[in-house]
Amino acid sequence: MRIQKQIDRSWTEINLKNFSDNLQALKSFLPANSGFIQIVKADAYGHGAFEISKKAIELGAAFLGVANIQEAILLRYQNIQIPILILSPSLESEIQSIIDYDIIPSVSSIKFIQELDNIAQKIDKKIKIHINIDTGMGRSGFDYKSALKNILKIKMMKNTKIDGIFSHFAASENDFDFSKIQQQRFQQIIDQLDFQPSYVHISNSSGVVNINDDFTNLARFGLLSYGVYASEEQRKKIKLKPVMDFKTRISQIKSASKGDSIGYNRTFIAQADLKYAILPVGYADGYDFLLSNKGCVLLNDSICKVIGKISMDITAIDISYISNVKIGDEVILLGNGNEKISAENVASLYNGSAYEILCQIGRRAKRYFKENGNIISTSPLLRREFVSLDYSDKKLNNIIESAIRQRLQSNEIATIVYENVLKHLFIEKDRDIHYRENFFHSIKFHDFDENYYLVETTLSFNKKLLADYFIVACAQNEEVLETYFMRKDVEYRWLLDDNLMMNKNYFEVISVKINDIELEHKTSILKSCIEIRCHSERLQELISSKVTYSISTKTFYSKKSHQMTVFLTEMTKDVQINFDFGNIINNVEAVPIFSGKMKYPEIEYLNGMVKVSSQKNEWIFPNSGVVFVY
Ligand SMILES: *Cc1c(COP(=O)(O)O)cnc(C)c1O
């Protein structure tokens, strides 16, 4: 079963392949030693900061750039770990969060940096900062004339470290002379420094293609990376592909006679009989009011004009010249397919800004992230993702954690459960939840020698396939295991006794299948862990459909331990876990730690085996599990 797109009134499609291609094209302009910051402020110009960040990191982004601490915290909750730079000046009240979440502020005032230094001093930390210099933008930043003096002052501070110094072009898309002046002002300051900051940067994406700059080592990719040109001349220099499509469907088809009016205030009067269609989007969806009587859309590869005023939720288009139009037909309002509906052109129709239209479009639209034609994830309708400031409040954390601890009587498990519960509550509540069905796990012990049991495990479940590979991981300690819990591409984890060596003799994958496809598996021995990458070319066409995973392994388990724990790491339905110990162990007891509606699964004690199974169709929450004690 393929995951179908729902019938939406309007939606955006984010083409991650086009985004990668744009990044490659931009990177080709950078000098060899230069990295880039992916700018993901304003939810990545409306494209979805989380998915865009992940892709940019994959393609080598050294930093992410955001507008404020809230945007930064959200990325941290989503487990984004690379350095994040806040581009705008922060408030003093935000310093504590900046430190807590390991975010880099940009600094434009001595008062702010003194406060930051004071707070950092109290907790004995050294905080990285980037200094912003105003070379002609006339906005934030230290004035270039007195910047050197201020930089040296900041350098004396004990608890801050100058990681970078930057400036920002005012008109890199069309005023090259002024940009050169800004560049010279900036370079003069850098040349006078008696130290070398790790990062020096001035170019935004237009700067990268328009202004040759070889004394910096970082570029900030924004608009152009989203496939939108900042000026016409750029088309000759770089080939970009729009990343966002904004689409809707025809909800009604009507006709008007000569002289009839359409829409509020009767601004459109039919000059002849005509046929028109109603689209269920308006300015509340980000389709700008100023496109009234001006906008155009793409229907069946033809351009149609917007007629009448755009309402809050409704727009009318003239379809007189198009045949075979049906209710439900797809209409592209912005994006690929025709130059006329590019963000640049749509914005120019009302003298607007392409930057702005990207940020405002699709306010009520669900996002579909696509790669090579497949939908790989979605983000919800109301996507203004919200981070409660209370979340960082230690008090709240403690209350929840201690409640869980009491219930589970285990600190370790309590911590994992609590982190995941919060993660789900605050971040993933509304997202795609990846879940497993028909989960079957069997663990069979055999006698081996005086210290170890030989263990055969088999695991099978149904789940939506996310990529053409997945990882089976075996870790030597809890800390390493923990990192595998964070990763979405890991489908099975095993904790190996720390007296055993990390090699194939002690943990081996016997077979891995998706449906009937036998996967190739490649073992990498890493520090304190073994990673087995399971892959097949044939998986490509199954991505985003529901498949059956089967994994079997062989390993060893210490006889010193008197318990064996099985965790459920995802939402799971229809669980069965069998612990098969034959005649080698006596008195096994199964202790379930299930959370979900049902806390007590059915436990069956058979001869040489314990079977634990959930009720049919009941959901079991992540980090449930069973401890077999003996
Ligand atoms: C937004 C922003 C950018 C990105 O600019 P584009 O023109 O979109 O490439 C770069 N630098 C700073 C400081 C910004 O605020």
Side-chain angles (χ1 to χ4, degrees), residues 19 22-23 25-27 29-30 34-47 49 52-53 56 61-72 75 83-90 103-108 129-142 144 147 163-176 178-179 182-183 186 199-211 213 216-234 237-238 240 242-244 343-344 347 352-361:
F19 176 67
N22 296 336
L23 282 193
L26 280 167
K27 275 162 76 177
F29 282 81
L30 300 181
S34 180
F36 72 97
I37 306 186
Q38 180 61 41
I39 306 297
V40 295
K41 65 192 179 202
D43 205 14
Y45 297 34
H47 292 68
I52 291 291
S53 298
F63 288 77
L64 298 171
V66 298
N68 56 48
I69 184 67
Q70 289 289 303
E71 292 183 350
L75 290 169
I84 300 177
L85 175 65
I86 298 176
L87 301 160
S88 315
S90 296
I103 307 298
I104 302 173
S106 58
V107 173
S108 303
I129 58 150
H130 282 212
I131 297 176
N132 182 0
I133 298 173
D134 182 358
T135 54
M137 179 72 176
R139 231 171 38 174
S140 56
F142 290 101
Y144 71 97
D163 183 53
I165 301 184
F166 74 102
S167 187
H168 192 36
F169 288 130
S172 57
E173 68 274 31
N174 55 18
D175 192 336
F176 305 159
F178 188 67
S179 300
Q182 283 192 274
Q183 197 182 29
F186 186 54
Y199 297 100
V200 174
H201 46 116
I202 187 165
S203 280
N204 62 337
S205 51
S206 282
V208 169
V209 297
N210 289 342
I211 293 134
D213 115 50
T216 66
N217 61 1
L218 206 56
R220 304 188 298 265
F221 291 173
L223 190 72
L224 273 61
S225 68
Y226 300 108
V228 175
Y229 293 93
S231 74
E232 274 305 307
E233 305 83 76
Q234 284 173 349
K237 300 184 183 167
I238 184 169
L240 301 172
V243 176
M244 182 198 289
E344 299 90 322
S353 138
Y355 286 90
E356 187 193 14
I357 203 158
L358 289 179
C359 299
Q360 73 182 29
I361 221 80

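Bear in mind that the values here come from a model prediction, so they are computed numbers and not experimental data. Counting starts at 1 for both ligands and their atoms, following the listed order.
A side-chain donor from one of S172 and N204 sits under 3.5 Å from a side-chain acceptor of the other. Under 3.5 Å, the side chains of S167 and Q182 contain no donor-acceptor pair of N or O atoms.
The ring of F63 has its center no closer than 6.0 angstrom to the ring center of H201.
The side-chain contact (heavy atoms from CB on, under 4.5 Å) search around P242 returns N336, not counting sequence neighbours.
Nearest heavy atoms, L240 versus Y229: N-OH, 2.9 Å. Across all non-hydrogen atoms, the minimal contact from F221 to S205 is CA-CB, 4.2 Å.
Within 4.0 Å of ligand 1, protein heavy atoms belong to I39, K41, Y45, L87, H168, N204, S205, R220, G222, L223, Y355, listed by chain and number.
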